Amino acid sequence: MTAMFTSRQIYLAPVFFLVPGTNQLPDWGFWPVLHIGQQSFNIVILPLILGFSVKAIKELMSALVTRDLRTQITFGGVIVVAGIVSFIFPRIILSTLSVALIICFILQWRLRRQSRANKQHFTKPYAGIRILGVLEQTPAAKMGLEAGDVIVECNGQAISNNENFYQAIQSHSTYCHLKVQDLQGEYRITESAVFADAPHELGVILFPEN
């Protein structure tokens with residue numbers, strides 16, 4: 001399960017410049033001129049475009065393991081060959097075992113590093129809404145919700161999109177009752193009190209609708 005999101009924001013801001021003298025620009029009559037002491041300045045306004053583009057990618061640990069399967073199989077084959085050689089030459093057994101353990105730790109460290117470095121999200125479900133992240137110290141965290149869970153029911157109402165999910169949350173201002181499906185397909189029921197002044201702030205980051 002993988003997905004990729006690109007967020008682009010563009011802002012247009014005016015930038016003001018003071019150009020000394022009045023002969024450099026055409027005399028439009030209405031254009032403001034600023035006088036400071038004996039010097040005159042034309043006020044020039046130029047548009048400044050500011051923007052950024054962010055690409056977020058995240059993937060499940062199982063996807064990393066599958067992608068790294070070839071390396072693991074190659075390492076296993078090398079260990080088998082090294083074991084046979086060590087059986088023939090017993091003096092190198094300790095050296096072979098030490099090298100194998102070091103390589104094993106390196107592969108595990110590499111796998112964990114990749115899982116932390118990549119920021120990939122999950123695919124959008126056909127039914128319900130998938131959780132991409134859970135904020136700490138929120139009602140969602142108290143309910144034990146995890147990234148990858150799919151919310152299929154909220155306060156007795158079936159959930160199909162973000163809009164009716166928030167409507168269902170606001171139907172009860174004191175608590176939230178959820179039916180959730182995990183990545184293994186198992187269903188569980190969980191509930192918690194919500195913020196009275198902001199019941200919609202459950203603390204979950206959802207798959208964007210658009």
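Everything numeric in this text was worked out from a predicted model, so none of it was measured.
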Exactly one candidate in Lys179, His177, Lys142 meets side chain to side chain donor-acceptor pair (under 3.5 Å) with Glu191; the answer is His177
Side-chain heavy atoms of Asp149 within contact of Val204, under 4.5 Å =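 No, every pair of side-chain atoms sits at 4.5 Å or beyond.
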Student check: side-chain heavy atoms of Asn164 and Ile159 closer than 4.5 Å = yes
Closest heavy-atom pair and its distance - [X], [Y]:
{"X": "Ala147", "Y": "Leu132", "value": "CB-O, 3.5 Å"}
{"X": "Val134", "Y": "Ala141", "value": "CG1-N, 3.7 Å"}
{"X": "Arg188", "Y": "Gly144", "value": "NH2-O, 3.2 Å"}
{"X": "Pro139", "Y": "Ala193", "value": "CB-O, 3.6 Å"}
{"X": "Cys176", "Y": "Cys154", "value": "SG-SG, 3.9 Å"}
{"X": "Leu12", "Y": "Pro47", "value": "CD1-CB, 3.7 Å"}

Going from [atom1] on [X] to [atom2] on [Y], what distance comes out if it is rounded to the nearest 0.5 angstrom?
{"X": "Ile129", "Y": "Ile151", "atom1": "CD1", "atom2": "CD1", "result": "4.5 Å"}
{"X": "Gln157", "Y": "Ile169", "atom1": "CD", "atom2": "CD1", "result": "10.5 Å"}
{"X": "Ile205", "Y": "Leu145", "atom1": "CD1", "atom2": "CG", "result": "12.5 Å"}

Donor-acceptor contacts, no H, no angles, side chain residues 77-99, under 3.5 Å, sequence neighbours left out:
| from | atom 1 | to | atom 2 | distance (Å) |
| --- | --- | --- | --- | --- |
| Ser86 | OG | Ala82 | O | 2.8 |
| Ser86 | OG | Thr96 | OG1 | 3.1 |
| Thr96 | OG1 | Ile92 | O | 2.8 |
| Ser98 | OG | Leu94 | O | 2.8 |

So if you build clusters from Ile, Leu, Val, Met, Phe, Trp, Tyr with side-chain heavy-atom gaps below 4.5 Å, do Leu178 and Ile189 land together?
no
| message | Tell me whether Ser192 contacts the main-chain N or O of Met143 through its side chain, where contact means a donor paired with an acceptor under 3.5 Å. | response | no
Is atom CG of Leu101 surrounded by more than 12 heavy atoms (other residues, nucleotides or ligands) closer than 6.0 Å?
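For Leu101, atom CG is crowded (more than 12 foreign heavy atoms under 6.0 Å).
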- Query: Given Phe75 and Ile106, is the side chain to side chain contact (heavy atoms under 4.5 Å, CB included) satisfied, shown in steps?
  - Reply: CA-CA 11 Å; Phe75 172 64; Ile106 291 176; over 6 Å; no
Open item on the list: Walk me through whether Asn155 and Tyr175 qualify under side chain to side chain contact (heavy atoms under 4.5 Å, CB included).
Closed with: CA-CA 9 Å; Asn155 293 333; Tyr175 76 97; 4.2 Å; yes
